[in-house]
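Just below is one structure, and these are the notes that go with it.
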There are 2 protein chains.
Amino acid sequence: MLPYNISESTKGRMKTTSCPHKKNSHTSQHDHNICIEKALSKAEAVCRQRGARLTPQRRRVLELVWQTHEPVGAYDILAELQKEMRAAPPTVYRALDFLQQQGLIHRLASLNAYVGCATPDRADKVAYLICRCCKETSPLAPQNLSSEIAAQAERKGFQIENQIVEVLGLCPTCQQEGVVDE
Amino acid sequence: MLPYNISESTKGRMKTTSCPHKKNSHTSQHDHNICIEKALSKAEAVCRQRGARLTPQRRRVLELVWQTHEPVGAYDILAELQKEMRAAPPTVYRALDFLQQQGLIHRLASLNAYVGCATPDRADKVAYLICRCCKETSPLAPQNLSSEIAAQAERKGFQIENQIVEVLGLCPTCQQEGVVDE
DNA sequence: CTCAGAAATGTTATAAGGTAACATCGTGCG
DNA sequence: CGCACGATGTTACCTTATAACATTTCTGAG
Ligand SMILES: [Zn+2]
Ligand SMILES: [Zn+2]
Ligand SMILES: [Zn+2]
Ligand SMILES: [Zn+2]
(Lines give C-alpha, C1' and ligand atoms only; values in the text may rest on other atoms or scores of the structure.)
(Ligands and ions follow the chains in the order given, each with its own letter.)
Protein backbone atom coordinates (compact mmCIF):
# COMPACT_ATOMS: atom_id res chain seq x y z
CA MET A 1 0.00 0.00 0.00
CA LEU A 2 1.16 3.48 -0.75
CA PRO A 3 2.42 5.72 1.96
CA TYR A 4 0.29 8.75 2.80
CA ASN A 5 -2.76 6.72 2.11
CA ILE A 6 -6.03 8.28 2.89
CA SER A 7 -8.08 7.21 5.84
CA GLU A 8 -11.48 5.69 5.29
CA SER A 9 -13.14 8.75 6.75
CA THR A 10 -11.45 10.96 4.23
CA LYS A 11 -11.66 8.59 1.29
CA GLY A 12 -14.40 9.53 -1.05
CA ARG A 13 -15.36 12.53 0.97
CA MET A 14 -14.84 14.76 -1.99
CA LYS A 15 -18.08 16.46 -2.90
CA THR A 16 -20.00 15.12 0.07
CA THR A 17 -21.18 17.06 3.08
CA SER A 18 -23.29 16.53 6.13
CA CYS A 19 -25.85 18.85 4.66
CA PRO A 20 -29.23 17.17 4.30
CA HIS A 21 -30.30 19.21 1.31
CA LYS A 22 -27.43 19.25 -1.04
CA LYS A 23 -29.93 18.89 -3.85
CA ASN A 24 -30.55 22.61 -3.74
CA SER A 25 -26.96 23.52 -3.79
CA HIS A 26 -25.60 26.02 -6.19
CA THR A 27 -23.53 23.32 -7.76
CA SER A 28 -26.50 21.35 -8.93
CA GLN A 29 -28.32 24.30 -10.45
CA HIS A 30 -25.99 24.95 -13.32
CA ASP A 31 -23.68 23.38 -15.82
CA HIS A 32 -20.62 23.18 -13.70
CA ASN A 33 -18.41 22.08 -16.54
CA ILE A 34 -18.65 25.61 -17.80
CA CYS A 35 -17.37 26.90 -14.46
CA ILE A 36 -14.41 24.57 -14.68
CA GLU A 37 -13.59 25.44 -18.26
CA LYS A 38 -13.84 29.14 -17.61
CA ALA A 39 -11.67 28.89 -14.54
CA LEU A 40 -9.01 26.92 -16.33
CA SER A 41 -8.85 29.10 -19.38
CA LYS A 42 -8.76 32.20 -17.24
CA ALA A 43 -5.96 30.65 -15.24
CA GLU A 44 -4.00 29.91 -18.36
CA ALA A 45 -4.44 33.46 -19.57
CA VAL A 46 -3.49 35.02 -16.28
CA CYS A 47 -0.40 32.87 -15.89
CA ARG A 48 0.73 33.38 -19.46
CA GLN A 49 0.41 37.11 -19.02
CA ARG A 50 2.41 37.05 -15.81
CA GLY A 51 5.03 34.60 -16.96
CA ALA A 52 3.95 32.17 -14.26
CA ARG A 53 4.20 28.51 -15.11
CA LEU A 54 0.91 26.70 -14.85
CA THR A 55 2.42 23.25 -15.15
CA PRO A 56 0.27 20.19 -15.81
CA GLN A 57 0.29 19.24 -12.15
CA ARG A 58 -0.69 22.66 -10.99
CA ARG A 59 -3.35 22.77 -13.61
CA ARG A 60 -4.63 19.41 -12.51
CA VAL A 61 -4.79 20.49 -8.89
CA LEU A 62 -6.65 23.61 -9.89
CA GLU A 63 -9.07 21.46 -11.81
CA LEU A 64 -9.60 19.30 -8.77
CA VAL A 65 -10.25 22.31 -6.57
CA TRP A 66 -12.84 23.37 -9.09
CA GLN A 67 -14.68 20.06 -9.08
CA THR A 68 -17.08 21.71 -6.67
CA HIS A 69 -17.95 25.13 -5.34
CA GLU A 70 -17.45 23.83 -1.85
CA PRO A 71 -14.13 24.28 -0.13
CA VAL A 72 -11.91 21.26 -0.65
CA GLY A 73 -9.28 19.98 1.75
CA ALA A 74 -5.69 19.42 0.67
CA TYR A 75 -5.92 15.76 1.52
CA ASP A 76 -9.10 15.38 -0.50
CA ILE A 77 -7.12 16.61 -3.46
CA LEU A 78 -4.28 14.31 -2.57
CA ALA A 79 -6.67 11.37 -2.56
CA GLU A 80 -7.89 12.26 -6.02
CA LEU A 81 -4.37 12.71 -7.32
CA GLN A 82 -3.39 9.34 -5.94
CA LYS A 83 -5.97 7.71 -8.15
CA GLU A 84 -3.91 8.91 -11.07
CA MET A 85 -0.34 8.86 -9.87
CA ARG A 86 1.95 8.44 -6.94
CA ALA A 87 1.69 11.56 -4.86
CA ALA A 88 2.66 12.83 -1.44
CA PRO A 89 1.46 15.83 0.57
CA PRO A 90 4.18 18.24 -0.58
CA THR A 91 3.07 17.79 -4.16
CA VAL A 92 -0.37 19.06 -3.30
CA TYR A 93 0.72 21.80 -0.95
CA ARG A 94 3.20 23.17 -3.43
CA ALA A 95 0.61 23.34 -6.11
CA LEU A 96 -1.84 24.98 -3.72
CA ASP A 97 0.78 27.52 -2.69
CA PHE A 98 1.42 28.42 -6.28
CA LEU A 99 -2.25 28.70 -7.10
CA GLN A 100 -2.81 30.87 -4.07
CA GLN A 101 0.04 33.17 -4.99
CA GLN A 102 -1.53 33.62 -8.39
CA GLY A 103 -4.89 34.34 -6.81
CA LEU A 104 -6.40 31.33 -8.56
CA ILE A 105 -7.62 29.83 -5.33
CA HIS A 106 -8.24 31.07 -1.82
CA ARG A 107 -7.63 29.30 1.42
CA LEU A 108 -10.39 29.41 3.98
CA ALA A 109 -8.63 29.48 7.30
CA SER A 110 -11.72 28.58 9.25
CA LEU A 111 -12.12 25.33 7.34
CA ASN A 112 -8.55 24.48 6.39
CA ALA A 113 -9.81 24.21 2.87
CA TYR A 114 -9.51 25.79 -0.54
CA VAL A 115 -11.91 27.21 -3.10
CA GLY A 116 -11.39 28.30 -6.65
CA CYS A 117 -11.48 31.99 -7.37
CA ALA A 118 -13.50 33.08 -10.36
CA THR A 119 -11.76 36.43 -10.69
CA PRO A 120 -8.01 35.86 -10.44
CA ASP A 121 -7.39 38.88 -12.60
CA ARG A 122 -8.77 41.26 -10.02
CA ALA A 123 -6.41 42.01 -7.16
CA ASP A 124 -9.37 42.35 -4.84
CA LYS A 125 -9.04 41.34 -1.29
CA VAL A 126 -11.53 38.58 -0.69
CA ALA A 127 -14.31 37.93 1.78
CA TYR A 128 -16.61 34.95 2.01
CA LEU A 129 -19.86 33.87 3.52
CA ILE A 130 -19.60 30.24 4.54
CA CYS A 131 -22.55 28.06 5.51
CA ARG A 132 -21.61 25.89 8.44
CA CYS A 133 -24.08 23.28 7.34
CA CYS A 134 -23.73 22.77 3.60
CA LYS A 135 -20.34 24.51 3.37
CA GLU A 136 -21.38 26.55 0.40
CA THR A 137 -19.45 29.73 0.03
CA SER A 138 -20.48 33.02 -1.41
CA PRO A 139 -18.06 35.86 -2.01
CA LEU A 140 -18.85 39.20 -0.44
CA ALA A 141 -18.29 42.47 -2.22
CA PRO A 142 -15.02 43.48 -0.63
CA GLN A 143 -14.78 47.15 -1.52
CA ASN A 144 -16.36 48.72 1.51
CA LEU A 145 -14.85 46.18 3.86
CA SER A 146 -11.41 46.63 2.45
CA SER A 147 -11.54 50.38 2.51
CA GLU A 148 -12.72 50.40 6.10
CA ILE A 149 -9.98 47.99 7.06
CA ALA A 150 -7.41 49.99 5.13
CA ALA A 151 -8.48 53.20 6.85
CA GLN A 152 -8.14 51.72 10.30
CA ALA A 153 -4.85 50.07 9.47
CA GLU A 154 -3.42 53.29 8.10
CA ARG A 155 -4.40 55.13 11.25
CA LYS A 156 -2.21 52.69 13.14
CA GLY A 157 0.59 52.70 10.64
CA PHE A 158 -0.01 49.06 9.89
CA GLN A 159 0.97 47.84 6.44
CA ILE A 160 -1.56 45.35 5.10
CA GLU A 161 -0.37 42.39 3.11
CA ASN A 162 -3.32 40.11 3.26
CA GLN A 163 -6.74 40.04 4.76
CA ILE A 164 -9.06 37.28 5.82
CA VAL A 165 -12.77 37.86 6.13
CA GLU A 166 -14.83 34.74 6.71
CA VAL A 167 -18.38 34.97 7.88
CA LEU A 168 -19.84 31.77 9.24
CA GLY A 169 -23.52 31.03 9.58
CA LEU A 170 -26.45 29.53 7.76
CA CYS A 171 -27.29 30.01 4.13
CA PRO A 172 -30.94 30.65 3.19
CA THR A 173 -31.48 27.08 2.07
CA CYS A 174 -30.22 25.56 5.28
CA GLN A 175 -32.32 27.99 7.30
CA GLN A 176 -35.44 26.90 5.42
CA GLU A 177 -34.63 23.29 6.04
CA GLY A 178 -34.69 24.09 9.71
CA VAL A 179 -31.10 23.39 10.51
CA VAL A 180 -30.56 24.54 14.05
CA ASP A 181 -28.28 24.41 17.05
CA GLU A 182 -24.97 26.07 16.72
CA MET B 1 8.43 9.89 29.55
CA LEU B 2 4.97 11.29 29.42
CA PRO B 3 2.84 10.83 26.40
CA TYR B 4 1.94 13.95 24.44
CA ASN B 5 5.33 15.32 25.22
CA ILE B 6 6.30 18.47 23.54
CA SER B 7 8.81 18.52 20.75
CA GLU B 8 12.06 20.38 21.21
CA SER B 9 11.03 22.93 18.67
CA THR B 10 7.90 23.74 20.60
CA LYS B 11 9.43 23.46 24.05
CA GLY B 12 10.10 26.82 25.53
CA ARG B 13 8.74 28.63 22.56
CA MET B 14 6.23 30.41 24.69
CA LYS B 15 6.80 34.11 24.47
CA THR B 16 9.48 33.84 21.80
CA THR B 17 9.15 34.85 18.20
CA SER B 18 11.30 35.16 15.13
CA CYS B 19 10.94 38.89 15.42
CA PRO B 20 14.33 40.59 15.71
CA HIS B 21 13.05 43.54 17.69
CA LYS B 22 10.88 42.12 20.36
CA LYS B 23 12.36 44.72 22.66
CA ASN B 24 9.94 47.28 21.31
CA SER B 25 6.95 45.09 21.67
CA HIS B 26 3.84 46.27 23.36
CA THR B 27 4.32 43.63 26.01
CA SER B 28 7.54 45.11 27.25
CA GLN B 29 6.26 48.66 27.46
CA HIS B 30 3.88 48.24 30.33
CA ASP B 31 3.29 46.38 33.53
CA HIS B 32 1.80 43.28 32.13
CA ASN B 33 0.84 41.89 35.51
CA ILE B 34 -1.88 44.48 35.56
CA CYS B 35 -3.22 43.17 32.26
CA ILE B 36 -3.33 39.67 33.68
CA GLU B 37 -5.00 40.69 36.90
CA LYS B 38 -7.58 42.77 35.12
CA ALA B 39 -8.35 40.00 32.69
CA LEU B 40 -8.77 37.43 35.43
CA SER B 41 -10.95 39.53 37.65
CA LYS B 42 -13.09 40.53 34.70
CA ALA B 43 -13.39 36.88 33.78
CA GLU B 44 -14.48 35.98 37.28
CA ALA B 45 -17.07 38.70 37.23
CA VAL B 46 -18.44 37.79 33.84
CA CYS B 47 -18.66 34.12 34.67
CA ARG B 48 -20.24 34.71 38.05
CA GLN B 49 -22.83 36.90 36.44
CA ARG B 50 -23.62 34.31 33.80
CA GLY B 51 -23.54 31.32 36.09
CA ALA B 52 -20.65 29.88 34.09
CA ARG B 53 -18.12 27.91 36.06
CA LEU B 54 -14.61 29.31 35.80
CA THR B 55 -12.96 26.31 37.40
CA PRO B 56 -9.35 26.42 38.58
CA GLN B 57 -8.16 24.68 35.43
CA ARG B 58 -10.03 26.99 33.13
CA ARG B 59 -8.78 29.91 35.11
CA ARG B 60 -5.24 28.63 34.87
CA VAL B 61 -5.48 28.19 31.11
CA LEU B 62 -6.84 31.71 30.78
CA GLU B 63 -3.93 32.95 32.84
CA LEU B 64 -1.52 31.13 30.55
CA VAL B 65 -3.14 32.62 27.46
CA TRP B 66 -2.67 36.01 29.06
CA GLN B 67 1.04 35.51 29.74
CA THR B 68 1.62 37.50 26.60
CA HIS B 69 -0.27 39.67 24.15
CA GLU B 70 0.91 37.43 21.38
CA PRO B 71 -1.31 34.64 20.17
CA VAL B 72 -0.47 31.39 21.95
CA GLY B 73 -0.83 27.90 20.51
CA ALA B 74 -2.82 25.22 22.30
CA TYR B 75 0.25 23.05 22.56
CA ASP B 76 2.26 25.88 24.04
CA ILE B 77 -0.31 26.03 26.79
CA LEU B 78 -0.21 22.29 27.13
CA ALA B 79 3.54 22.44 27.59
CA GLU B 80 3.17 24.98 30.36
CA LEU B 81 0.46 22.98 32.04
CA GLN B 82 2.60 19.88 31.92
CA LYS B 83 5.18 21.64 34.05
CA GLU B 84 2.59 21.69 36.79
CA MET B 85 0.56 18.56 36.26
CA ARG B 86 -0.15 15.63 34.05
CA ALA B 87 -2.13 16.92 31.11
CA ALA B 88 -3.27 15.83 27.68
CA PRO B 89 -4.56 17.78 24.72
CA PRO B 90 -8.27 17.46 25.55
CA THR B 91 -7.69 19.20 28.84
CA VAL B 92 -6.41 22.25 27.06
CA TYR B 93 -8.90 22.21 24.22
CA ARG B 94 -11.83 21.88 26.58
CA ALA B 95 -10.69 24.84 28.58
CA LEU B 96 -10.09 26.84 25.43
CA ASP B 97 -13.53 25.96 24.13
CA PHE B 98 -15.12 27.14 27.33
CA LEU B 99 -13.14 30.35 27.38
CA GLN B 100 -14.03 31.01 23.79
CA GLN B 101 -17.72 30.46 24.42
CA GLN B 102 -17.53 32.99 27.20
CA GLY B 103 -15.76 35.44 24.94
CA LEU B 104 -12.75 35.45 27.23
CA ILE B 105 -10.38 34.50 24.45
CA HIS B 106 -10.44 34.54 20.68
CA ARG B 107 -9.02 32.05 18.29
CA LEU B 108 -6.99 33.40 15.37
CA ALA B 109 -7.68 31.03 12.55
CA SER B 110 -4.77 32.24 10.47
CA LEU B 111 -2.29 31.32 13.20
CA ASN B 112 -4.05 28.43 14.93
CA ALA B 113 -3.56 30.36 18.12
CA TYR B 114 -5.43 32.13 20.86
CA VAL B 115 -5.36 35.57 22.42
CA GLY B 116 -7.00 36.92 25.51
CA CYS B 117 -9.88 39.33 25.05
CA ALA B 118 -9.85 42.42 27.18
CA THR B 119 -13.55 43.10 26.74
CA PRO B 120 -15.43 39.84 27.31
CA ASP B 121 -18.45 41.79 28.50
CA ARG B 122 -19.03 43.32 25.09
CA ALA B 123 -20.68 41.04 22.58
CA ASP B 124 -18.74 42.71 19.78
CA LYS B 125 -17.68 40.73 16.81
CA VAL B 126 -13.94 40.88 16.72
CA ALA B 127 -11.35 41.86 14.16
CA TYR B 128 -7.59 41.87 14.48
CA LEU B 129 -4.51 43.27 12.87
CA ILE B 130 -1.73 40.70 13.09
CA CYS B 131 1.92 41.41 12.40
CA ARG B 132 3.44 38.55 10.47
CA CYS B 133 6.83 39.29 11.92
CA CYS B 134 6.43 39.92 15.63
CA LYS B 135 2.95 38.40 15.84
CA GLU B 136 1.60 41.28 17.82
CA THR B 137 -2.10 41.72 17.50
CA SER B 138 -4.18 44.84 17.65
CA PRO B 139 -7.96 44.78 17.72
CA LEU B 140 -9.79 46.74 15.08
CA ALA B 141 -12.93 48.70 15.81
CA PRO B 142 -15.52 46.27 14.51
CA GLN B 143 -18.61 48.43 14.25
CA ASN B 144 -18.34 49.57 10.66
CA LEU B 145 -17.00 46.25 9.50
CA SER B 146 -19.73 44.31 11.21
CA SER B 147 -22.50 46.52 9.94
CA GLU B 148 -21.21 46.30 6.39
CA ILE B 149 -20.95 42.54 6.67
CA ALA B 150 -24.39 42.33 8.23
CA ALA B 151 -25.88 44.41 5.45
CA GLN B 152 -24.41 42.23 2.73
CA ALA B 153 -25.38 39.04 4.52
CA GLU B 154 -28.93 40.19 4.99
CA ARG B 155 -29.21 41.01 1.33
CA LYS B 156 -28.43 37.37 0.64
CA GLY B 157 -30.61 36.00 3.41
CA PHE B 158 -27.57 34.64 5.17
CA GLN B 159 -27.80 34.28 8.92
CA ILE B 160 -24.54 35.23 10.59
CA GLU B 161 -23.34 33.26 13.57
CA ASN B 162 -19.72 34.19 13.71
CA GLN B 163 -17.26 36.28 11.80
CA ILE B 164 -13.55 36.20 11.36
CA VAL B 165 -11.62 39.28 10.33
CA GLU B 166 -7.86 38.91 10.42
CA VAL B 167 -5.62 41.37 8.68
CA LEU B 168 -2.06 40.25 8.17
CA GLY B 169 0.87 42.53 7.51
CA LEU B 170 3.59 44.50 9.20
CA CYS B 171 3.22 46.57 12.33
CA PRO B 172 4.87 50.01 12.43
CA THR B 173 7.77 48.76 14.50
CA CYS B 174 8.63 45.93 12.16
CA GLN B 175 8.39 48.28 9.17
CA GLN B 176 10.90 50.61 10.78
CA GLU B 177 13.23 47.77 11.45
CA GLY B 178 13.21 47.12 7.75
CA VAL B 179 11.61 43.72 7.78
CA VAL B 180 10.93 42.82 4.21
CA ASP B 181 10.06 40.02 1.82
CA GLU B 182 6.65 38.59 2.15
C1' DC C 1 24.27 23.05 -28.88
C1' DT C 2 25.56 22.67 -24.17
C1' DC C 3 25.93 23.06 -19.75
C1' DA C 4 25.17 25.55 -15.46
C1' DG C 5 21.84 27.47 -12.49
C1' DA C 6 17.15 27.77 -11.27
C1' DA C 7 12.68 25.96 -10.87
C1' DA C 8 9.82 22.13 -10.21
C1' DT C 9 9.01 17.67 -8.54
C1' DG C 10 9.91 13.27 -5.89
C1' DT C 11 10.58 11.03 -1.41
C1' DT C 12 10.89 10.18 3.37
C1' DA C 13 9.97 11.43 7.71
C1' DT C 14 7.95 14.10 11.16
C1' DA C 15 5.85 18.16 13.19
C1' DA C 16 1.74 20.51 14.67
C1' DG C 17 -3.09 20.92 15.59
C1' DG C 18 -7.24 18.67 16.98
C1' DT C 19 -10.89 15.07 18.32
C1' DA C 20 -13.39 10.51 19.49
C1' DA C 21 -14.52 7.55 22.87
C1' DC C 22 -14.85 5.92 27.13
C1' DA C 23 -13.53 5.90 32.21
C1' DT C 24 -13.65 8.40 36.47
C1' DC C 25 -14.58 11.87 39.76
C1' DG C 26 -17.32 15.15 42.49
C1' DT C 27 -21.27 17.41 43.90
C1' DG C 28 -25.84 18.46 44.70
C1' DC C 29 -30.55 16.82 44.91
C1' DG C 30 -34.60 13.73 45.47
C1' DC D 1 -28.10 6.64 49.81
C1' DG D 2 -27.92 6.63 44.79
C1' DC D 3 -28.35 8.73 40.58
C1' DA D 4 -27.74 12.58 37.25
C1' DC D 5 -24.83 15.81 35.51
C1' DG D 6 -20.90 18.50 34.54
C1' DA D 7 -16.04 18.39 34.63
C1' DT D 8 -11.84 15.99 34.16
C1' DG D 9 -8.64 12.01 33.10
C1' DT D 10 -6.80 8.82 29.65
C1' DT D 11 -5.81 6.47 25.54
C1' DA D 12 -5.62 6.40 20.99
C1' DC D 13 -5.98 8.30 16.79
C1' DC D 14 -7.00 11.56 12.92
C1' DT D 15 -6.11 15.64 9.97
C1' DT D 16 -3.27 19.21 8.31
C1' DA D 17 1.15 20.85 7.12
C1' DT D 18 6.22 21.21 6.64
C1' DA D 19 11.42 20.05 6.86
C1' DA D 20 15.02 18.23 4.51
C1' DC D 21 17.25 16.38 0.93
C1' DA D 22 17.39 13.91 -3.77
C1' DT D 23 16.27 14.11 -8.51
C1' DT D 24 14.42 15.80 -12.65
C1' DT D 25 13.14 19.32 -15.89
C1' DC D 26 13.45 23.73 -17.83
C1' DT D 27 15.68 27.87 -19.50
C1' DG D 28 18.80 31.10 -20.91
C1' DA D 29 23.71 32.55 -21.57
C1' DG D 30 27.67 31.67 -24.07
ZN1 LIG E 1 -20.16 25.69 -11.03
ZN1 LIG F 1 -26.26 25.78 3.77
ZN1 LIG G 1 -0.07 43.51 28.95
ZN1 LIG H 1 5.72 43.50 14.13
Side-chain angles (χ1 to χ4, degrees), chain A residues 1-14 18 47-48 50-62 65 71-79 81-82 84-102 105 107-114, chain B residues 1-14 18 47 50-62 65 71-82 84-102 105 107-114:
Chain A
M1 196 175 244
L2 284 175
Y4 312 113
N5 47 4
I6 302 305
S7 70
E8 285 305 320
S9 64
T10 301
K11 226 174 219 165
R13 201 176 58 190
M14 197 117 179
S18 58
C47 287
R48 198 173 328 116
R50 294 177 190 165
R53 296 174 54 191
L54 186 63
T55 63
Q57 284 213 51
R58 290 166 171 175
R59 200 190 129 98
R60 179 66 184 132
V61 169
L62 180 60
V65 171
V72 180
Y75 277 72
D76 293 335
I77 293 168
L78 178 58
L81 266 189
Q82 287 181 337
E84 306 164 3
M85 57 180 283
R86 196 152 195 269
T91 298
V92 172
Y93 282 102
R94 284 167 183 156
L96 291 174
D97 286 348
F98 170 84
L99 296 171
Q100 237 186 313
Q101 272 168 31
Q102 299 303 322
I105 62 174
R107 184 184 133 91
L108 301 182
S110 57
L111 300 180
N112 295 326
Y114 304 78
Chain B
M1 195 176 247
L2 284 175
Y4 312 114
N5 47 2
I6 302 303
S7 71
E8 285 306 319
S9 65
T10 301
K11 229 173 217 164
R13 199 178 58 191
M14 197 117 177
S18 58
C47 286
R50 294 177 190 164
R53 298 175 53 189
L54 187 62
T55 63
Q57 284 214 49
R58 289 165 173 176
R59 199 190 130 97
R60 180 65 183 133
V61 169
L62 180 59
V65 171
V72 180
Y75 276 72
D76 293 336
I77 293 168
L78 178 58
E80 292 297 312
L81 266 189
Q82 287 180 339
E84 308 164 3
M85 57 180 284
R86 197 151 194 271
T91 298
V92 172
Y93 283 104
R94 284 167 182 157
L96 291 173
D97 285 349
F98 170 85
L99 296 171
Q100 237 185 314
Q101 274 168 30
Q102 299 302 323
I105 62 173
R107 184 185 133 91
L108 300 182
S110 58
L111 300 180
N112 295 328
Y114 303 81

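Throughout, a chain's letter reflects where its sequence line sits, starting with A, and its residues are numbered from 1.
Between Thr55(A) and the phosphate of dA8(C), there is no side-chain N or O to OP1/OP2 separation shorter than 4.0 Å. Listed pair Arg86(B) / dT8(D) fails the phosphate criterion, with no side-chain N or O lying under 4.0 Å from OP1 or OP2. Asn112(A) has a side-chain polar atom (N or O) that falls below the 4.0 Å cut-off from OP1 or OP2 of dA17(D). For dT18(D), the OP1/OP2 oxygens have no side-chain nitrogen or oxygen of Tyr93(A) closer than 4.0 Å.
Comparing Arg107(A) and Pro56(B) by the nucleotide of DNA chain D whose heavy atom lies nearest to each, the residue mapping closer to the 5' end is Pro56(B). Checking Tyr114(B) against Arg53(B), the closest nucleotide of DNA chain C that is more toward the 5' end is the one next to Tyr114(B).
Minimum atom distance to the side chain of Arg58(B) is reached by dT8(D), of the listed dA8(C), dT8(D), dG10(C). Looking at the side chain of Ala74(A), the nearest of the listed nucleotides dA17(D), dT10(D), dG18(C) is dA17(D).
Residue Leu81(A) contributes atom CG, which lies 11 Å from atom P of dT9(C) at whole-angstrom precision. The nearest whole Å value for the distance from the CG atom in Leu78(B) to the C1' atom in dT8(D) is 14 Å.
When every heavy atom of Ala87(A) is checked against every heavy atom of Leu81(A), the shortest pair comes out as CB-CB, 4.3 Å. Contact between Gly73(A) and Ala113(A) at its shortest, heavy atoms only, is N-CB, 4.2 Å.
Gln82(B) is listed as a side-chain neighbour of Leu78(B), based on a closest heavy-atom distance under 4.5 Å. A 4.5 Å side-chain heavy-atom check between Leu96(B) and Val65(B) finds at least one atom pair inside the cut-off. For the pair Asn112(A)/Arg107(A), a side-chain contact is recorded, criterion being any heavy-atom separation below 4.5 Å from C-beta on.
With sequence neighbours excluded, the residues satisfying salt bridge (charged side-chain N to carboxylate O under 4.0 Å, His left out) with Arg60(A) are Glu63(A), Glu84(A). Not counting sequence neighbours, Arg53(B) has no partner by the side-chain hydrogen bond (donor to acceptor under 3.5 Å, both in side chains) test.
Side-chain N/O atoms of Tyr75(A) and base N/O atoms of dA17(D) include a donor-acceptor pair closer than 3.5 Å.
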Show the distances under 3.5 angstrom between N or O atoms of the protein and N or O atoms of nucleotides 20-26 of chain C.
| residue | atom | partner | partner atom | Å |
| --- | --- | --- | --- | --- |
| dA21(C) | N6 | Arg94(B) | NH2 | 3.3 |

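Residue-level contact check: Phe98(B) touches neither bases nor backbone, having no heavy atom under 4.0 Å from any strand.
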